[in-house]
Novice: 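Please find one structure pasted underneath; my questions will follow.
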Amino acid sequence: MDLFALYQSRIADALSALFPQLADAPELLRRFVVEPPRDASHGDMSTNAAMVLAKPLKSNPRAIAEQLAEKIGEFDGIEAVDIAGPGFINMRLAANVWQDMIATINAESADYGRPKEAPSGKVNVEFVSANPTGPLHVGHTRGTVFGDALARLMAFSRYDLSKEYYINDAGGQIGVLAKSVMLRYCEALGHEIGEIPKGLYPGAYLVPIGKKLADQFGDELLNMDEAAAIDKIKPIVLDEMMGLIKADLAKLNVHHDHFFSEKQLHGEDGDIRKTLDWLREEGLVYQGTLEPPKGKTPEDWEDREQTLFKATDFGDDTDRALVKSDGSYTYFAADIAYHRNKYLRGFNEQIVVLGADHAGYVKRLKAAGKAVSGGEANVDVKICQLVNLLRNGEPAKMSKRAGTFVTLGDLVDEVGPDVVRFIMLFRRNDAPLDFDFDVVTAQTRDNPVFYVQYAHARACSVFRNAKRDLPDLDISLAALQKADLSLLNDPAEIELIKVASQFSRVVAGATEAHEPHRIAFYVHELASAFHAFWTKGKERPELRFVNLDEQTITLSRLALVNAVRQVLANSLEILGVSAPEELS
RNA sequence: GGUCCCGUAGCUCAACUGGAUAGAGCAAUUGACUUCUAAUCAAUAGGUUGCAGGUUCGAGUCCUGCCGGGAUCGCCA
């Protein structure tokens, strides 16, 4: 349950009663917000309703606020209302409202923070989608973690959702890859292959695949036409590469629901052809020429007529080529078909997670999404900025040639999935990120992963101690639900509950904005509030959780601790980070 | 040159889609460990939100123009 949403709707009701003309304009009632004021001295909740509605109601904010405040004062749980500044209405809630939140959180437990009802529509989150030509490297990691956390967040918010990986298996680079493997195959058969020729993939990860082929086929492949041999091994190589990639993803606890092959879009009866036909019927395809890019004309620029998609009709800067000079489809043509395919599968909300180097691709993807769905599908492209790896504050340079190439697997092996995930999420996705090995593995509060997990472990330790010191006390969840929560009236306790009570609206905001980092910052704040309260028990022993002489208050406090623990756990669950009961 | 992202405390970053006196952490200074694991906490200090305009009751947030950093720029994927 979300307290802020609850009072928002109560205020909306009060407004419609006060101003009947608002009944005809429900969108106005969604324009105002109920939120915690930045400055806690202003109260627990604040609304800007009077200011937002002043213009449409042709009245002044103070006058509206006066009337509204009087109504709000009659609500259950409101202890004080006042009007401040240009027309803010500040509310203070009665202590029992906060105390009751503990029971609510404990009752809803793993579901606390989820909206009551599932939103309509189907969401497709496409992420990773790295070319299957080798293992995932560090550059892929951020998008992987971000996409997975966003998917978890939206699933938590009850969206009908599918996590998808688009396999670029139709382009020329798969042929190059197969050729590279052929060399390794020869090598495995004992032939001298020398240097890997330029343009082929030199990675050692192809060696075992060559060996596998040698085991399976012997020298059979050498005795056939090279093109035929390559065609024969392509699917095998592709399978092997996807196996590598899936193994890396599994290390980060990332599992896609669907792997979509680009290849299936090609061919006479494929989606690309169908989509292009459809676009032609809509008048969105034409033969024409493009202007060379200004300021920097490519040397091999040839001014030729080509098949273009009218991307400019949908907000793109220029129209885009659909067919290459050799007659095959462009990557973008396949992408348009892919988005149409998603739309026809019912995904009216399509989220695509891309790396920073694809920022220039955003407009055309959105244009494609609009075009193929008649404006019904929404495409949101999330760009993940670069990650700078650091050791001791110095850049940890990586280069494929020097062999210091860091793969996603290496990274996870060194610091663990929790650290990789949390650090990558403890930052807006569109800002660059420093990843310092020394900081993220430290067990101090500099390290936010540790700090948050420690808070959860501490909460669990309270229960272990209670069990040890008060073996006769029933501390089951059912018993906690009977605790007298009105005993929790110290300002420090109320403070902590308030932070825990923010979770629902943080989830709602993060979901709507497609910004999982908000959950990471929130859980850090909650951990901080919990650590602070914990330490208060040192200066003021009466605030300790476990009180041997007064089991009543102990039970109440345990209810509080469990609520906090639950919210920490729910937050970490969204982030895909473990919530340990004990730190080693 | 076009497009997109970024510019907030000495450093690393937030700011709940336009709200009130812009917040955390690190570093600095001071204080709290016979502990509910101090693996933590409390307090002090730190700002012309790159610059200049505009929109309005109100701008870090939206618009325009500059400055600086990054990414990208028919047919690669």
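Only a predicted model underlies this, so the values are computations on that prediction, with no experimental measurement involved. Note on naming: letters A, B, ... go to the chains in the order of the sequence lines (proteins, then strands), and numbering restarts at 1 for each one.
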Novice: Would you please indicate yes or no on a ring centroid separation below 6.0 angstrom for Tyr454(A) and Phe530(A)?
Specialist: no
Novice: Before we go on, tell me: are the rings of His531(A) and Tyr451(A) under 6.0 Å apart, centre to centre?
Specialist: yes
Novice: Under 4.0 Å between any heavy atoms, over every strand shown, what does Ala513(A) touch: base, sugar-phosphate, or nothing? Just pick one.
Specialist: base
Novice: Contact class for Leu290(A) (heavy atom, under 4.0 Å): base, sugar-phosphate, or nothing?
Specialist: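 Since only primed, P, OP1 and OP2 atoms lie under 4.0 Å of Leu290(A), the category is sugar-phosphate.
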Novice: Students often get this wrong, so: under 4.0 angstrom with heavy atoms, is Arg428(A) touching a base, only sugar-phosphate, or nothing?
Specialist: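 Contact class for Arg428(A): sugar-phosphate only.
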Novice: Going by modelled atom types, is there a donor-acceptor pair between the base of A32(B) and the side chain of Thr535(A) at under 3.5 Å?
Specialist: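 A donor-acceptor contact between them is absent.
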Novice: Do Arg114(A) and Phe156(A) form a cation-pi contact, if we require the NZ or CZ to be under 6.0 Å from the six-membered ring centre and within 45 degrees of the ring's axis?
Specialist: yes
Novice: Indicate, with a heavy-atom threshold strictly under 4.0 Å, whether Ser46(A) touches base, sugar-phosphate, or nothing.
Specialist: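 It contacts base atoms.
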Novice: Considering only heavy atoms and no angle criterion, is a donor-acceptor pair shorter than 3.5 Å present between the side chain of Asn48(A) and the base of G19(B)?
Specialist: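 Check passes, donor-acceptor contact within cut-off.
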Novice: Have a look at Glu525(A) and say if it touches a base, only the backbone sugar-phosphate, or nothing, with a 4.0 Å heavy-atom cut-off.
Specialist: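 Result for Glu525(A) = nothing.
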Novice: Scan Asn447(A) against the nucleic acid and name what it touches under 4.0 Å (heavy atoms): base, sugar-phosphate only, or nothing.
Specialist: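 If one applies the 4.0 Å heavy-atom cut-off, Asn447(A) turns out to touch nothing in the nucleic acid.
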Novice: I want to know whether Phe127(A) and Tyr165(A) have ring centres closer than 6.0 Å.
Specialist: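 Not under 6.0 Å, so no.
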Novice: Can you tell me how far P of U37(B) sits from CD of Gln453(A), to the nearest Å?
Specialist: 18 Å
Novice: Has Phe521(A) got its ring stacked on A14(B), by the test of a centre gap below 5.5 Å and a plane angle below 30°?
Specialist: no
Novice: Any side-chain N or O of His517(A) under 4.0 Å from OP1/OP2 of C16(B)?
Specialist: no
Novice: Need one value for Tyr451(A): base, sugar-phosphate or nothing, where a base atom within 4.0 Å counts as base even if backbone is also close, heavy atoms only.
Specialist: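 Sugar-phosphate: the residue Tyr451(A), judged by heavy atoms under 4.0 Å, touches backbone atoms but no base.
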Novice: For U49(B) versus A59(B), give the span between their P atoms, rounded off to a whole number of Å.
Specialist: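 So the two P atoms sit 12 Å from each other.
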Novice: Taking the same atom, C1', in C51(B) and in G69(B), what whole-Å distance lies between them?
Specialist: 16 Å
Novice: Looking across every strand, which nucleic acid part, if any, lies under 4.0 Å from Ala356(A) by heavy atom: base, sugar-phosphate, or nothing?
Specialist: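 Result for Ala356(A) = sugar-phosphate.
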Novice: Does the base of C16(B) carry an N or O that pairs as donor and acceptor with the side chain of Arg518(A) under 3.5 Å?
Specialist: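 For Arg518(A), whose side chain was compared with the base of C16(B), there is no donor-acceptor pair (under 3.5 Å).
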Novice: Check every strand shown and say whether Lys363(A) touches a base, only sugar-phosphate, or nothing at a heavy-atom separation below 4.0 Å.
Specialist: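 Result for Lys363(A) = sugar-phosphate.
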Novice: Is Phe450(A) stacked on the base of A39(B) when the test is centres under 5.5 angstrom and planes under 30 degrees?
Specialist: yes
Novice: Quantified in whole Å, what is the C1' atom distance between nucleotide G60(B) and nucleotide U8(B)?
Specialist: 7 Å
Novice: May I ask whether Phe88(A) stacks on the base of G19(B), given the cut-offs of 5.5 Å between ring centres and 30° between planes?
Specialist: no
Novice: Once you apply a heavy-atom cut-off of 4.0 Å, does Val506(A) come out as touching a base, just sugar-phosphate, or nothing?
Specialist: nothing
